[in-house]
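Notes follow once the structure below has been shown.
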There are 2 protein chains.
Amino acid sequence: MQRMTRQRAAVSDLLAGTDDFRSAQQLHEMLKDRGEGIGLATVYRTVQVMADNGDLDVLRNADGESLYRQCASRGHHHHLVCRRCGATVELDAASVEKWAATVGAQHGFTAVEHTAELFGLCAECTARQQSEDS
Amino acid sequence: MQRMTRQRAAVSDLLAGTDDFRSAQQLHEMLKDRGEGIGLATVYRTVQVMADNGDLDVLRNADGESLYRQCASRGHHHHLVCRRCGATVELDAASVEKWAATVGAQHGFTAVEHTAELFGLCAECTARQQSEDS
DNA sequence: CGTCTCATGCAAACGATTCTCACTCTGCCG
DNA sequence: CGGCAGAGTGAGAATCGTTTGCATGAGACG
């Protein structure tokens, strides 16, 4: 059975109010800042449960860290993520789905899954970057 | 400067003779089995240098481990990888490239990179799986 | 309220990868 | 060929994100 605890509510709340992909450690940090008493392990556990339920999307950044986000569309979709601030755009990509299915079948593979994520700098971070470079 | 040592030759050799994606630890294991004396750290270093040189392709599996492979085509391309045995098919996907470029631009993102890999069970492993299930 | 469990928190455990450092060998020069 | 400088190596310690074990705490339902 699934219980609703103060900690779960807090994580859920935080994610509901964020549009960007965040790591478990970032979430933990943010919760502490909010004054929520919560252990890191609990954040990991909570986030994992939510991901299993399909309430959260998970992806791995270039460093291999797991990032979490509550996405608007609950089905399969892809993302365009700012590698700097985590800002995210959800993407539908019928062309990619088709490509994956076709190619998999062509080579006799079964149970084919695919990952397809775009990482870049959002408009804001691009501007910030340029002023830093100067 | 780049020196050619016994260890580097061994790694290079091993990879040249393998068609599948392998983790650094697997490579290390295989080299030990071959009777090559080589440290795990050295395998990691070598593989990293080769990847930097573009001699090796790197990707991360579902567990976040890095897998390495010497690909035929040295440019940008994608893979269809057997999640069980590592068997790999190299893929060109103009449609995916186009998609990534278009979508990135549409949302004002710059420096957009993308990952797109397919994981499945190759024909062989599919058969093996079925006989195990019985 | 009481009890039955699931959830939490801390600290220890983990696994992949990286770093440290003393020692070894390659590549190059005379 | 012999010697030297510095890149490369190996073994183990250190990192870092993540997971787990275990004693304690607290939802939910009677």
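Just so we're on the same page: letters track the sequence lines, and every chain starts at 1. Nothing here was measured: the structure is a model prediction, and the numbers come from that model.
Residue-level contact check: Ser66(A) touches the backbone only, with heavy atoms under 4.0 Å from sugar-phosphate atoms and none from bases. Among the atoms of the strands shown, only primed sugar atoms or phosphate atoms (P, OP1, OP2) are found under 4.0 Å from some heavy atom of Gln48(B). Among the heavy atoms of the strands, none lies under 4.0 Å from Gly64(A).
Side-chain nitrogen and oxygen atoms of Gln7(A) include none within less than 4.0 Å of the OP1 or OP2 phosphate oxygen of dA26(D). Proximity of Thr5(B) to the phosphate of dT9(D): a side-chain N or O atom is located under 4.0 Å from OP1 or OP2.
Annotation for Gln129(A): atom CD counts as buried by contact number, over 12 foreign heavy atoms lying within 6.0 Å.
Taking atom CD of Glu65(A) as the reference point, atom C1' of dT19(D) lies 16 Å away to the nearest angstrom. Met50(A) places its CE atom 14 Å from the P atom of dA7(C), with the value rounded to the nearest Å. The distance from atom CZ of Arg8(B) to atom P of dG27(C) is 10 Å, rounded to the nearest whole Å. For Arg60(B) and dG15(C), the CZ to P distance is 18 Å, given to the nearest whole Å. Rounded to an integer number of Å, the gap from NZ of Lys32(B) to P of dG10(D) is 9 Å. Asn61(A) places its CG atom 9 Å from the P atom of dT18(D), with the value rounded to the nearest Å. At whole-Å resolution of the value, CZ in Arg6(B) and P in dG10(D) are 6 Å apart. At whole-Å resolution of the value, CD in Gln25(A) and C1' in dC16(D) are 8 Å apart.
Using a 4.0 Å cut-off between a side-chain N of Lys or Arg and a carboxylate O of Asp or Glu, Glu36(B) and Arg6(B) qualify as a salt bridge. Comment: Arg84(A) engages Glu132(A) in a salt bridge, judged by a side-chain N to carboxylate O separation of less than 4.0 angstrom.
Of the two residues near DNA chain C, Ile38(A) and Tyr44(B), the one whose nearest nucleotide lies more 5' is Ile38(A). A residue-by-residue look at Leu40(B) and Gln2(B) shows that Leu40(B) has its nearest nucleotide of DNA chain C further toward the 5' end.
Taking 3.5 Å as the limit, the base of dA7(D) and the side chain of Arg3(B) contain a donor-acceptor pair of atoms between them. For Arg45(A) against dG9(C), a side-chain-to-base donor-acceptor contact under 3.5 Å is present.
At least one donor-acceptor pair under 3.5 Å links the side chain of His78(A) to the backbone N or O of Ala116(A).
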- Is there a salt bridge (Lys or Arg N to Asp or Glu O under 4.0 Å) between Arg69(A) and Glu90(A) once you walk through the steps? CA-CA 11 Å; Arg69(A) 176 177 194 263; Glu90(A) 292 179 43; 2.9 Å; yes
